[in-house]
Amino acid sequence: MHADDIAAGRSRWQQRYDASKRRTADFTTLSGTEVEPVYGPPEGYDDPRMERIGWPGEFPFTRGLYATGYRGRTWTIRQFAGFGNAEDTNERYKMILGSGGGGLSVAFDMPTLMGRDSDDPKALGEVGHCGVAIDSAIDMDRLFKDIPLQDVTTSMTISGPAVPAFCMYLVAAERQGADITKLNGTLQTDIFKEYIAQKEWLFPPEPHLRLIGDLMEYCQHNIPAYKPLSVSGYHIREAGSTAAQELAYTLADGFGYVELGLSRGLDIEKFAPGLSFFFDSHLDFFEEIAKFRASRRIWARWLRDVYGAKTEKAQWLRFHTQTAGVSLTAQQPVNNVVRTAVEALAAVLGGTNSLHTNALDETLALPTEESAEIALRTQSVLMEEIGVINVADPLGGSWYVEALTDKIEAEAEEIFQRIKDMSSDGTMTAGILRGIEDGWFMSEIADAAFEYQQKLEKGEKKIVGVNTLTDTVSGELEILRVSHEVEVEQCRVLAARKSQRDEDSVRRTLSALVEASRGTGNLIEPMLEAVRAEATMGEICDVLRIEWGEYREPARF
């Protein structure tokens, strides 16, 4: 790019920056040196890379969505938490919010994630262990007791039964007296990644996609700030993919959901801003930064050039990041504090919009209160002490980072083409469904994971405490253990709740939901009615399982 064009870009950035709200804060180094809000090529210099790099707040958004960077607002500290019953988790939420957390993120237990009630035989031994048990709207009431949902952004990491969970969240907000139209938060809902990596589905793909389309419609018309879809690469990366595979599969899934919205006749300028993303931040510091920067650039270009989005907000890729759980080790677990801090810093330098930092003991059990506080304070140190928020995209223009960004982008584009080549009708959606059916995604991820494991076993890749520097003076950690009494009590309370509700109302609303599922209308309102009648998660999912069937992954060798 010619020096005159670069100067014009800087001028546009300056106008945006001057017109933006900025925090009142000290934007100097520890030694007191004033720093600029952004840096670029020296005045008068040509730089052919600038067409791809750009300026913060300007297409292609490689350097971030906002001209101010974190000077406008910092990322949201959004710690993922849930264990035991709703009361236990409610106390942890209050601790998080009282210690600097800016939003909540709900972890559900395995029965809830699979659309099962706590008293289901298949739930035996799993209630409350990997998250909080939610059986009905009353549990959601207890989960958010004394936490005003209208004032707190809430993320819920659940996909298979995401829509029933959303309905329970909505009913809990109604019971608080909240203005439903003002709710803000994110629901994961990403069923593609379940078939690709995490394996927590209920139905075949088509009914799941119908529910997601219904949710997109409902939110656009009724809760405009709420984000009904968080397209997740996190679980794809945790399953063993490379950085480029994580980026490409995730954005491809996002393109599929864009196609779903368009097929429903929704306005892309309205629904695209409601799509958010969820990425892993792994240990290769610079590769992760490059991945985040490439993601924004690719998404903006595809939304504009392929799907016709004209407004900047419809082209923005907003994303939440979680540090890599798979990088944590049971051996010398205190080292996990360092790993998490490095991964979190990469997410921040990559411009994340919100962030969860893993606790040092999460490879062994759910976090203790102390380890959860250390994880939370890790973000606070990054935000308050090291000057990383003073300059937008401080690594922009680095020869190494820019080369990595270009390389990951090129690899992702090759993967997009492979997915499109599997499509029967030219859409990304058809290619994804064919890739799922053929086991292509699973095979590609397995190959990447196997290659990395071989390098570990040969000692070509190092993990401190695992295959190098294995001697230690540290002892065993005290870990959080969820008592079996949690399951016993949850089942007792659920039985009492069922005995006290209006069974005729439950049967009537569930029958109405089934009848609606046989038509083409939106299923959110009938499901809300069932939730208001205290129909349980398992009951709602079971009637739809009977109607739609359950998905069984084909055996592959």
Sidechain-backbone polar pair: [X] side chain, [Y] backbone, donor-acceptor under 3.5 Å:
X: Gln176; Y: Leu149; answer: yes
X: Thr112; Y: Ile134; answer: yes
X: Glu194; Y: Glu200; answer: yes
X: Gln332; Y: Thr470; answer: yes
X: Arg296; Y: Gly350; answer: yes
X: Asp190; Y: Ser232; answer: yes
X: Asn85; Y: Gln490; answer: no
X: Ser443; Y: Gly439; answer: no
X: Ser281; Y: Ala346; answer: no
X: Asn336; Y: Leu328; answer: no

Discussion item. Which residue is it: Phe61, Phe59, Phe255? I am looking for the one with a ring-ring contact (aromatic ring centres under 6.0 Å, His included) to Trp299.
Written reply: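 Among Phe61, Phe59, Phe255, the one meeting ring-ring contact (aromatic ring centres under 6.0 Å, His included) with Trp299 is Phe255.
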Worksheet entry | Worked check of side chain to side chain contact (heavy atoms under 4.5 Å, CB included) between Met156 and Leu187 | CA-CA 5 Å; Met156 294 192 288; Leu187 191 67; 3.6 Å; yes
Practice prompt. Indicate whether the side chain of Trp201 and that of Glu553 have a donor and an acceptor atom separated by less than 3.5 Å.
Written response: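 Side chains of Trp201 and Glu553: no pair found under 3.5 Å.
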Worksheet entry | Audit row: Glu246, Ser241, side chain to side chain donor-acceptor pair (under 3.5 Å) steps and yes/no | CA-CA 6 Å; Glu246 177 197 356; Ser241 77; 5.4 Å; no
Under 4.5 Å between any side-chain heavy atoms of [X] and [Y], yes or no?
X: Tyr307; Y: Gln315; result: no
X: Leu211; Y: Ile191; result: no
X: Phe441; Y: Ile419; result: yes
X: Met537; Y: Pro161; result: yes
X: Arg318; Y: Ser354; result: no
X: His356; Y: Ser105; result: no
X: Val106; Y: Tyr93; result: yes
X: Val132; Y: Asp139; result: no

Worksheet item: For residues 66-91, which residue pairs qualify under salt bridge (Lys or Arg N to Asp or Glu O under 4.0 Å), counting only residues two or more places apart or in two chains?
Response: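 Sorted pair list: Glu87-Arg142.
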Enclosure of [X] [atom1] (heavy-atom neighbours >12, cutoff 6.0 Å):
X: Lys94; atom1: NZ; value: yes
X: Glu478; atom1: CD; value: no
X: Lys199; atom1: NZ; value: yes
X: Phe450; atom1: CZ; value: no
X: Lys462; atom1: NZ; value: yes
X: Glu460; atom1: CD; value: yes

Item to complete: Would you please classify the geometry between the Trp302 ring and the Phe416 ring as parallel, tilted or perpendicular, with 30° and 60° separating the classes?
Response: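 Phe416 and Trp302: perpendicular rings.
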Worksheet item: In terms of ring plane angle, is the pair His208 and Phe203 parallel, tilted or perpendicular, where the classes change at 30° and 60°?
Response: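 The arrangement is tilted - the two ring planes meet at 30° to 60°.
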Item to complete: Starting from the C-alpha separation in whole Å, work towards a yes-or-no answer on side chain to side chain donor-acceptor pair (under 3.5 Å) for Arg339 and Thr329.
Response: CA-CA 10 Å; Arg339 294 184 177 104; Thr329 65; 3.2 Å; yes
Between the side chains of [Y] and [X], is the shortest nitrogen-to-carboxylate-oxygen separation below 4.0 Å, so that they form an ion pair?
X: Arg297; Y: Asp406; value: yes
X: Glu451; Y: Lys455; value: yes
X: Lys407; Y: Glu411; value: yes

Item to complete: Starting from the C-alpha separation in whole Å, work towards a yes-or-no answer on side chain to side chain contact (heavy atoms under 4.5 Å, CB included) for Cys219 and Phe166.
Response: CA-CA 11 Å; Cys219 289; Phe166 167 80; 4.1 Å; yes
Item to complete: With side chain to side chain donor-acceptor pair (under 3.5 Å) as the test, would you mind laying out the steps for Thr429 and Glu259 before giving the verdict?
Response: CA-CA 7 Å; Thr429 302; Glu259 292 171 355; 2.6 Å; yes
Fill in: Any residue meeting ring pair (Phe, Tyr, Trp, His ring centres under 6.0 Å) with Tyr66, in chain and number order, not counting sequence neighbours
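For Tyr66, the residues satisfying ring pair (Phe, Tyr, Trp, His ring centres under 6.0 Å) (neighbours in sequence not counted) are Trp316.
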Worksheet item: Listed by chain and number, what are the side-chain contact (heavy atoms from CB on, under 4.5 Å) partners of Pro56, not counting sequence neighbours?
Response: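 For Pro56 the side-chain contact (heavy atoms from CB on, under 4.5 Å) partners, ignoring immediate neighbours, are Trp13, Val38, Arg63, Ala392.
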Discussion item. According to side-chain contact (heavy atoms from CB on, under 4.5 Å), who are the partners of Glu58, at least two apart in sequence or on a separate chain?
Written reply: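 If we apply the side-chain contact (heavy atoms from CB on, under 4.5 Å) test to Glu58, skipping adjacent residues, the hits are Arg12, Trp55.
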Fill in: Set of residues satisfying side chain to side chain donor-acceptor pair (under 3.5 Å) with respect to Asn353, sequence neighbours excluded
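By the side chain to side chain donor-acceptor pair (under 3.5 Å) rule, Asn353 matches no residue at all.
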For residues 365-375, which side-chain N or O atoms pair as donor and acceptor with protein atoms under 3.5 Å away, sequence neighbours left out?
{"unit_1": "Thr368", "atom_1": "OG1", "unit_2": "Ser371", "atom_2": "N", "d": "3.1"}
{"unit_1": "Thr368", "atom_1": "OG1", "unit_2": "Ser371", "atom_2": "OG", "d": "3.2"}
{"unit_1": "Ser371", "atom_1": "OG", "unit_2": "Asp361", "atom_2": "OD1", "d": "2.9"}
{"unit_1": "Ser371", "atom_1": "OG", "unit_2": "Asp361", "atom_2": "OD2", "d": "2.9"}
{"unit_1": "Ser371", "atom_1": "OG", "unit_2": "Thr368", "atom_2": "N", "d": "3.0"}
{"unit_1": "Ser371", "atom_1": "OG", "unit_2": "Thr368", "atom_2": "O", "d": "3.2"}

Worksheet item: NE2 of His235 to CZ of Phe278: how many Å apart, nearest 0.5 Å?
Response: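 Reported value, rounded in 0.5 Å steps: 5.0 Å.
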Worksheet item: Checking ring-ring contact (aromatic ring centres under 6.0 Å, His included) for the pair Phe192/Tyr257: CA distance, chi angles, key distance, verdict?
Response: CA-CA 9 Å; Phe192 283 143; Tyr257 295 125; 4.8 Å; yes
Discussion item. Before you tell me yes or no, could you show the steps for Lys227 and His320 under side chain to side chain contact (heavy atoms under 4.5 Å, CB included), namely the whole-Å CA-CA distance, both residues' side-chain angles and the distance that decides it to 0.1 Å?
Written reply: CA-CA 12 Å; Lys227 298 160 191 67; His320 170 74; over 6 Å; no
